[in-house]
Asker: 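Pasting a structure below so you can have a look.
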Amino acid sequence: MSDTPPDNSYRPDQVEAKWRARWAERGTNSPDLDHPTRPFYNLMMFPYPSAEGLHVGNMFAFTGSDVYGRFKRLQGYTVFEPMGYDAFGIHSENYALKVGKHPAQLIPENIANFRRQLERVGGMFDWRHVLSTTDPEYYKWTQWIFLQLLKAGKAYKKKAAVNWCPLDKTVLANEQVIDGRCERCGTAVEQRFLEQWFFRITEYCERLLANLDNLDWSETTKTAQRNWLGRSEGAEIVFEVMGGQAVRRSEEVAGGSIAQPPNRPAASITVFTTRPDTLFGATFMVLAPEHPMVAALTTAAQKPEVEAYVRAAAAQDLVSRKVGEREKTGVFTGGYATNPITGKQVPVWIADYVLMEYGTGAIMAVPAHDERDFAFARKYALPIVRVLGPAGEGRSDSSALTEAIAETSEMVLVSSGRFDGMTADAAKRAITQQLAGEGRGKAVVQFRLHDWCISRQRYWGPPIPVIYCDGCGAVPVPEKDLPVLLPAIEDFRPDDSGISPLARHEEWYYVPCPTCGKRARRETDVSDTFLDSAWYYLRYPSTEFHDRPFDKARTRTWCPVTTYIGGNEHAVLHLLYSRFLAMVLKDLGHIDFEEPFTRFRAHGLIVKDGSKMSKSKGNVVVPDEYIAQWGADTFRMYLMFLGPLQVGGDFRDAGINGPRRFLDRVWLMVAEAEDSGGELRKELVTRWHATRKKVAEDLEGLHYNTAIAALMELVNAIKEEGCRDRALIQDLVVMLAPFAPHFAEECWERLGHTTTVFDAGWPAWDEALVVSDEIEVPVQVNGKTRSRVMVARGATEKAVLAAALADEITRRFVGDKPPKKVIYVPNRLLNIVVG
RNA sequence: GCUCGGGUGGCGAAACUGGCAGACGCAUGGGACUUAAAAUCCCAAGAGGAGCAAUCCUCAUGUGGGUUCGAUCCCCACCCCGAGCACCA
């Protein structure tokens with residue numbers, strides 16, 4: 001302890017501070033964006049700057065992406081690797097409320113801390129192009145994007161349900177609803193319908209789905225998007241209805257409209273189904289409680305019960321309404337509809353298991369072949385008719401069914417008139433066709449995806465740039481008046497008044513109408529955080545332009561993003577919204593690509609003691625202490641060596657001294673390196689070239705753990721030889737640079753270089769030298785490895801067999817009998833099969 | 001329930017997607033250096049067994065079957081863990 005370490009020992013704190021300063025001073029990480037040699041846009045998902053700072057999971061993700069960016073730089077690309085802060089949103093607002101501070105004060109503090117951590121870990125960030133979504137310079141253009149969509153008819157306003165706490169008199173986000181109650185006061189949450197802004201993302205469903213096939217993205221992410229889009233093919237089928245008493249079939253076909261005076265209600269209900277083949281089994285109908293036809297259908301006798309049910313459904317919050325596996329409930333309206341293919345009268349019910357947002361908000365119920373309908377029919381004693389069964393089987397007694405019958409490939413239609421005997425697929429087409437011919441149905445494609453609601457009845461976000469005028473209606477804020485600044489109000493917390501916080505701020509709320517100049521009111525909703533993050537990649541290359549969101553030339557040079565690495569928790573929303581927005585911007589002529597991220601890879605999660613790190617679980621690991629104790633480079637190597645980037649793993653600090661020992665060894669080698677002049681042993685040369693190749697390939701595939709292992713093997717080989725060859729050691733330093741950038745820079749300088757190691761170029765390998773010409777081939781007898789023989793690379797089967805049979809051990813197992821069969825995989829394996 | 005991952009030594013993991021299972025590292029044991037410890041260096045090591053020995057044998061990739069000369073990898077059935085979605089008609 002009292003010993004002073006020798007001058008040349010590896011001192012990470014000093015080395016890292018030195019190179020952080022150098023990089024900043026020399027602008028090493030800020031490429032010339034206007035004159036790149038081969039542009040490479042290396043993007044990682046920008047963080048939300050929480051008060052706790054970056055945890056080990058963030059560091060894992062950012063380092064993983066940074067290693068890749070540094071590797072690309074070594075390969076000769078001009079790498080642009082920016083970083084920013086996703087600082088608007090409910091997280092920040094809630095935290096600010098909790099600690100009783102203003103988010104406008106908290107966020108800059110948090111950002112400063114994030115910046116310190118990000119620099120400390122050695123990311124290759126171009127700090128000249130940093131951004132924060134809360135900066136008016138940024139959200140000015142978020143608002144501008146809203147206006148472009150509004151102008152193009154891609155944004156519209158409609159009433160939509162929100163969670164409403166009747167005590168706090170405020171809107172709650174879904175995550176603030178716990179077991180149907182307000183997380184703050186515990187009051188039961190109900191639904192309210194508010195006018196909100198939407199983006200027409202559903203117009204882009206087919207395109208969003210089709211493009212996925214050609215994207216170089218993690219398969220898991222693509223699958224998640226496909227499921228979220230939820231395309232299904234089916235049919236819309238029109239049922240004619242009558243209220244309480246039978247009426248003549250109306251000629252009216254259009255869905256949902258009332259064709260007759262209210263005293264003789266005759267109209268139709270359109271349902272969506274993916275199973276038109278089961279139409280003969282549709283024995284009742286169910287409408288969502290909110291369906292516009294409910295009132296017209298309900299008979300006087302049923303009215304009290306129906307109205308009570310509708311009210312109860314509305315009183316539920318949005319979260320618990322959608323929780324599955326609940327006991328089915330419903331009420332008979334008293335009305336009947338006509339099954340368009342059987343002509344039979346079927347009762348019309350309402351139930352909250354039918355959702356107004358999907359399909360047409362009405363279903364035909366086929367209890368024999370749908371679990372939900374089956375449960376409902378059982379509970380309310382509704383008829384069950386089986387229409388799919390084994391070929392040749394006649395009318396089967398369906399009332400005895402104990403569960404819904406799932407379709408299997410052997411089943412055909414039964415009890416379905418002229419369609420009997422058809423396969424389900426054939427019947428889908430045939431029945432849809434017949435209905436279409438009669439004007440009572442058509443084939444349609446449905447998506448699960450809904451339009452994107454961007455309104456938030458909150459404070460901490462970009463105000464939606466619209467002004468309401470009594471004379472002119474909703475008027476977009478003129479572009480020259482952007483940004484609509486978020487006023488710095490102290491009373492940003494929701495209160496009992498029932499109006500959103502911005503509306504209370506009168507100087508801000510009342511403005512002259514841009515069209516007529518009369519007193520008008522601002523929109524008081526702010527936009528969704530996902531809108532901020534849906535276009536940030538476009539802003540990075542253009543942060544120094546104040547008169548445009550993204551410069552045309554810059555965007556053409558740098559976009560779309562070459563490689564994007566981020567968490568799979570954003571597999572759906574963030575990535576889908578970004579794709580949608582790029583399509584819109586392309587269609588409007590602002591950009592010339594429609595897929596923003598050419599290559600996307602999802603990194604794994606770092607967990608602690610088996611569960612995701614979160615403050616509530618108290619298992620957040622702060623990286624700062626580790627970095628202080630071991631150095632950023634050791635910490636980076638440790639994280640990357642833990643396991644594959646795309647898998648993640650459990651954080652244990654047990655092995656962190658391994659990478660450190662490794663760096664210490666390399667440090668010594670660098671100190672002792674000399675021009676050896678002499679020939680290196682052949683095996684070492686092979687190892688050298690093989691390592692150049694393997695590490696490059698592993699880096700490209702993000703298999704960092706095996707790349708590091710290969711470097712360790714090379715070091716072990718060099719040590720075993722006692723080799724001091726400068727050229728070899730120099731190469732080692734270059735290959736280490738993506739993982740341990742400060743360390744590599746220092747070694748590089750000590751090896752006599754004056755420029756950054758990242759301009760050194762990736763060492764090229766000679767394919768002929770990657771493999772040795774003498775190889776060891778395992779010899780199996782009856783599939784079990786018994787021996788090995790040394791042969792020349794490319795030796796023939798005959799030669800290898802002869803060598804094997806000359807081997808004493810092999811002969812013992814083969815015996816004197818001639819081999820029954822010989823399998824030879826060139827250069828890999830010989831298997832001798834004996835009787 | 002559905003979708004997608006995953007299950008390999010004491011631990012983190014590897015294995016060219018059918019070809020020597022356990023590379024690399026951690027922890028461990030032994031040795032060297034040291035007054036001692038730390039650090040460093042060298043050696044050992046999947047489990048079980050035979051042998052004085054060098055060595056040799058058997059069993060092993062969640063479980064049970066199958067295909068194959070050969071299976072961690074492919075097929076069938078099942079168990080467990082993780083993530084996401086969840087009444088989507």
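Values below: all heavy atoms of this structure, side chains included; hydrogens, waters and symmetry mates excluded. To find a chain, count down the sequence lines: A is the first, B the second, and so on, and within it residues start at 1.
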Asker: Among B:C24, B:C69, B:C85, which nucleotide sits nearest the side chain of A:Ile823?
Answerer: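 Taking heavy atoms from C-beta onward, the closest nucleotide is B:C69.
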Asker: Could you tell me whether A:Pro659 contacts a base, only the sugar-phosphate backbone, or nothing, with contacts defined as non-hydrogen atoms closer than 4.0 Å?
Answerer: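 The residue A:Pro659 makes no contact with any strand.
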Asker: Rounded to the nearest Å, what distance is computed from the CG atom of residue A:Leu639 to the P atom of nucleotide B:C26?
Answerer: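 Whole-Å distance recorded here is 16 Å.
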Asker: Using whole Å, report how far CZ of A:Arg448 lies from C1' of B:U3.
Answerer: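 Computing the A:Arg448:CZ to B:U3:C1' distance gives 11 Å.
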Asker: Using the C1' atom as the point on both nucleotides, what is the distance between B:G12 and B:C16, in whole Å?
Answerer: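 Comparing C1' positions in B:C16 and B:G12 gives a spacing of 23 Å.
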Asker: B:C20, B:C26, B:A14: which one has an atom nearest the side-chain heavy atoms of A:Pro778?
Answerer: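 Among the listed nucleotides, the one closest to the side chain of A:Pro778 is B:C20.
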Asker: So if I take every side-chain heavy atom of A:Thr220 and compare against B:C85, B:G25, B:C4, which nucleotide ends up nearest?
Answerer: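 Output: B:C4.
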Asker: Taking atom types as modelled, is there a side-chain donor on A:Asp653 or A:Tyr626 under 3.5 Å from an acceptor on the other?
Answerer: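 Side-chain D/A pair, A:Asp653 to A:Tyr626: present.
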Asker: Could A:Arg448 and A:Trp228 be counted as a cation-pi pair, given that NZ or CZ must be under 6.0 Å from the ring centre and within 45° of the axis?
Answerer: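 Positive - A:Arg448 is close enough to the ring of A:Trp228 and near enough to its axis.
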Asker: To the nearest Å, how far apart are A:Glu720 CD and B:C41 C1'?
Answerer: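 So the two atoms are 13 Å apart, to the nearest Å.
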Asker: Output the single nucleotide from B:A14, B:U3, B:C20 whose closest atom is nearest the side chain of A:Thr785.
Answerer: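 Nearest listed nucleotide: B:C20.
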Asker: Look at the side chain of A:Arg661 and decide which nucleotide, out of B:C41, B:A27, B:A86, has an atom nearest to it.
Answerer: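 Closest nucleotide among those given: B:A27.
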Asker: Please determine, for the side chain of A:Asn705, which listed nucleotide (B:C26, B:A13, B:C24) has the closest atom?
Answerer: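 Closest nucleotide among those given: B:A13.
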Asker: Look only at the side chain of A:Ser218 and the backbone of A:Thr220, and say whether a donor-acceptor pair between them is shorter than 3.5 Å.
Answerer: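 No; judged by distance alone, with no hydrogens or angles, the pair does not exist.
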Asker: C1' atom, B:C74 versus B:G19: distance in rounded Å?
Answerer: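 It comes out at 14 Å once rounded to the nearest Å.
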Asker: Using the rule given for salt bridge (Lys or Arg N to Asp or Glu O under 4.0 Å), can you reason through A:Glu774 versus A:Arg793, listing the C-alpha separation, both sets of side-chain angles and the distance that settles it, and then say yes or no?
Answerer: CA-CA 6 Å; A:Glu774 269 264 287; A:Arg793 164 160 289 274; over 6 Å; no
Asker: Starting at CG of A:Leu829 and ending at P of B:C73, how long is that distance when rounded to a whole Å?
Answerer: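 Rounded to the whole Å, the gap is 17 Å.
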Asker: Sticking with atom C1', work out how far B:G10 lies from B:G5, rounded to a whole angstrom.
Answerer: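 Each nucleotide's C1' atom is 26 Å from the other's.
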Asker: Applying a 4.0 Å non-hydrogen cut-off, can you work out what A:Ala224 is touching in the nucleic acid: base, sugar-phosphate, or nothing?
Answerer: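 Touches nothing.
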Asker: Considering only atom P, compute the distance from B:C11 to B:C2 and round it to an integer number of Å.
Answerer: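 The same atom, P, in both gives a distance of 32 Å.
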Asker: May I ask you to check if A:Arg786 and A:Phe813 form a cation-pi contact, with NZ or CZ under 6.0 angstrom from the six-membered ring centre and within 45° of the axis?
Answerer: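 Positive - A:Arg786 is close enough to the ring of A:Phe813 and near enough to its axis.
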Asker: Mind checking if A:Asp373 touches a base, just sugar-phosphate, or nothing, with heavy atoms under 4.0 Å?
Answerer: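 If one applies the 4.0 Å heavy-atom cut-off, A:Asp373 turns out to touch nothing in the nucleic acid.
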Asker: I want to confirm an ordering. Mapping A:Gly643 and A:Asn716 to their closest nucleotides on RNA chain B, which one lands closer to the 5' end?
Answerer: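 Result: A:Gly643.
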Asker: How is A:Arg665 classified with respect to the nucleic acid when contacts are heavy atoms under 4.0 Å: base, sugar-phosphate, or nothing?
Answerer: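 Contact class for A:Arg665: sugar-phosphate only.
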Asker: Between B:A89, B:C41, B:C20, which nucleotide has the shortest distance from any of its atoms to the side chain of A:Lys719?
Answerer: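 Closest nucleotide to the A:Lys719 side chain: B:C41.
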Asker: Could you check whether A:Phe813 gets within reach of a base, just the sugar-phosphate, or nothing at all, counting any heavy atom under 4.0 Å?
Answerer: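 Contact class for A:Phe813: sugar-phosphate only.
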Asker: Given the P atoms of B:G22 and B:A47, what is the spacing between them in whole Å?
Answerer: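 Here B:G22 and B:A47 have their P atoms 14 Å from each other.
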Asker: Mark yes or no for a side-chain to base donor-acceptor pair under 3.5 Å between A:Arg828 and B:C20, with no hydrogen or angle criteria applied.
Answerer: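 Under the 3.5 Å cut-off, the side chain and the base do not form any donor-acceptor pair.
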Asker: Taking the same atom, P, in B:A77 and in B:A54, what whole-Å distance lies between them?
Answerer: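 Roughly 49 Å separates the two P atoms.
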Asker: Report yes if at least one side-chain N or O of A:Asn657 is closer than 4.0 Å to OP1 or OP2 of B:A27; otherwise report no.
Answerer: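 A:Asn657 to B:A27 OP1/OP2: side-chain N or O found under 4.0 Å.
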Asker: Which nucleotide in the list B:C87, B:C20, B:C26 gets nearest to the side chain of A:Gln780?
Answerer: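 Given the options B:C87, B:C20, B:C26, the side chain of A:Gln780 is closest to B:C20.
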Asker: Determine whether the aromatic ring centres of residues A:Tyr577 and A:Trp452 are separated by less than 6.0 angstrom.
Answerer: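 Yes, close enough.
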Asker: Atom CD1 of A:Ile606 and atom P of B:G12: how far apart are they, to the nearest Å?
Answerer: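 Spelled out: CD1 on A:Ile606 to P on B:G12 is 13 Å.
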Asker: Represent RNA chain B in dot-bracket notation, 5' to 3'. Only Watson-Crick or G-U wobble pairs with both distances under 3.5 Å count; pseudoknot-style crossings use [ ] and interstrand partners use |.
Answerer: (((((((..(((......[....))).(((((.......))))).(((((....)))))..(((((..]....))))))))))))....
Asker: Would you say the side chain of A:Lys820 and the base of B:C69 hold a donor-acceptor pair, judged only by whether the two atoms sit under 3.5 Å apart?
Answerer: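 Counting by modelled atom types and ignoring angles, no donor-acceptor contact under 3.5 Å is found here.
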Asker: Is A:Asp277 paired with A:Arg429 through a side-chain N to carboxylate O contact shorter than 4.0 Å?
Answerer: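 Looking at A:Arg429 and A:Asp277, the cut-off is not met.
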Asker: For A:Lys784 and B:C69, what is the distance between atoms NZ and P respectively, to the nearest whole Å?
Answerer: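 So the NZ-P distance, A:Lys784 to B:C69, works out to 16 Å.
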Asker: Which comes earlier along RNA chain B counting from the 5' end, the contact point of A:Ile363 or that of A:Glu569, where each point is its nearest nucleotide?
Answerer: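 Closer to the 5' end of RNA chain B: A:Glu569.
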Asker: Could you state the CZ-C1' distance from A:Arg811 to B:C56, rounded to the nearest angstrom?
Answerer: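 The distance from CZ of A:Arg811 to C1' of B:C56 comes to 18 Å, rounded to the nearest Å.
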Asker: Examine distances only and state if a side-chain atom of A:Arg579 and a backbone atom of A:His574 form a donor-acceptor pair shorter than 3.5 Å.
Answerer: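 Checked: no pair found.
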Asker: Between A:Phe743 and A:Tyr10, does a ring pair (Phe, Tyr, Trp, His ring centres under 6.0 Å) hold up when you go through it step by step?
Answerer: CA-CA 9 Å; A:Phe743 175 90; A:Tyr10 171 43; 5.1 Å; yes
Asker: Test of understanding: with ring pair (Phe, Tyr, Trp, His ring centres under 6.0 Å), list the residues that count as partners of A:Tyr380, not counting sequence neighbours.
Answerer: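 So A:Tyr380 forms a ring pair (Phe, Tyr, Trp, His ring centres under 6.0 Å) with A:Trp349, A:Phe376.
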Asker: Can you find a side chain N or O atom of A:Arg786 that sits less than 4.0 Å from OP1 or OP2 on B:C56?
Answerer: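 Checking B:C56 against A:Arg786, no side-chain N or O comes under 4.0 Å of OP1 or OP2.
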Asker: Counting side-chain heavy atoms from C-beta on, which of B:A13, B:C41, B:C24 comes nearest to A:Met712?
Answerer: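 Among the listed nucleotides, the one closest to the side chain of A:Met712 is B:C24.
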Asker: Choose from B:G12, B:C56, B:A89 the nucleotide whose nearest atom is closest to any side-chain atom of A:Ile809.
Answerer: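 Ranking B:G12, B:C56, B:A89 by closest atom to the A:Ile809 side chain puts B:C56 first.
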Asker: Please report, rounded to the nearest Å, how far the C1' atom of B:C87 is from the CD1 atom of A:Ile350.
Answerer: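 Checked: the CD1 to C1' distance equals 16 Å.
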